[in-house]
Amino acid sequence: GKKIGYMIQSVFPEVIHCHYLEQYLEEFTRKLGAVYMGTVSRGNVEGLQDRPDWMNRFLYRKYFRLGEHFGQQGGFDPKILADLRKPYVLSPVAREACRLVLKTGFSDTGWNRQLKKHRAFAMRNARPYVRVRL
């Protein structure tokens, strides 16, 4: 009689990358003999830590409203779930914009800061699991 719901937060901008995990969690919940309540999926979450709170306020409000609805109704609000799942896939224009940003190297600044903080920047291109062909 237990009810289980999930929240997936992905670094990928498109929620489509969570699709198979959502299906797995639904099946896993049923195998446990529990009731599947749904999955909240949100992409592009890694960048939140690099933005000031005011830039994230709309997303925070959505999560707040989701929790509020959950507390009052005992389930996820389908409208908020659908809104958090955007973008499911990037538009062709957005994909091209991402490609251009990736070429500038600007998108690596957050990762590079973390690598430097942990003294691993010099090893950023290491490939410890590459198989060598003889």
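Computed from a predicted structure; not experimentally measured. In this chain, residues are counted from 1 in sequence order.
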Interatomic distance, OH@Tyr20 vs NE2@His17, rounded to 0.5 Å, equals 12.0 Å
Output side-chain donor-acceptor pairs under 3.5 Å for residues 63-73, partner residues at least two apart or in another chain, one line each.
| residue | atom | partner | partner atom | Å |
| --- | --- | --- | --- | --- |
| His69 | ND1 | Gly75 | O | 3.0 |
| His69 | ND1 | Asp77 | N | 3.4 |

Applying side chain to side chain contact (heavy atoms under 4.5 Å, CB included) to Ala120 and not counting sequence neighbours gives Leu115, Met123
### Test item: Leu84 and Val15 side chains (from C-beta on) under 4.5 Å apart, heavy atoms
no
task = Examine Ile16 and Leu90 and state if one hydrophobic cluster contains both, with Ile, Leu, Val, Met, Phe, Trp and Tyr joined whenever side-chain heavy atoms are less than 4.5 Å apart.
result = no
When the side chains of residues 1-9 are checked against the rest of the protein, which donor-acceptor pairs come out under 3.5 Å, sequence neighbours left out?
| residue | atom | partner | partner atom | Å |
| --- | --- | --- | --- | --- |
| Tyr6 | OH | Thr29 | OG1 | 2.7 |

Quick note, side chain to side chain donor-acceptor pair (under 3.5 Å) partners involving residues 30-45, not counting sequence neighbours, are Glu22-Ser41, Glu26-Arg30, Tyr36-Thr39
d(Cys18 SG, Tyr88 OH) to nearest 0.5 Å is 8.5 Å
* Phe121 atom CZ: more than 12 heavy-atom contacts under 6.0 Å -> yes
* side-chain contact (heavy atoms from CB on, under 4.5 Å) between Arg124 and Trp111: does it pass, once the steps are laid out? -> CA-CA 10 Å; Arg124 70 189 177 282; Trp111 293 109; over 6 Å; no
Cluster question for you: counting only ILVMFWY and a side-chain heavy-atom cut-off of under 4.5 Å, with indirect links fine, are Tyr60 and Met55 together?
no
Applying side chain to side chain contact (heavy atoms under 4.5 Å, CB included) to Phe106 and not counting sequence neighbours gives Thr104, Thr109
ILVMFWY cluster, Met37 and Leu21 together (side-chain gap under 4.5 Å)
no
Residue pairs passing the salt bridge (Lys or Arg N to Asp or Glu O under 4.0 Å) test with at least one member in residues 106-119, sequence neighbours excluded, are Asp50-Arg113
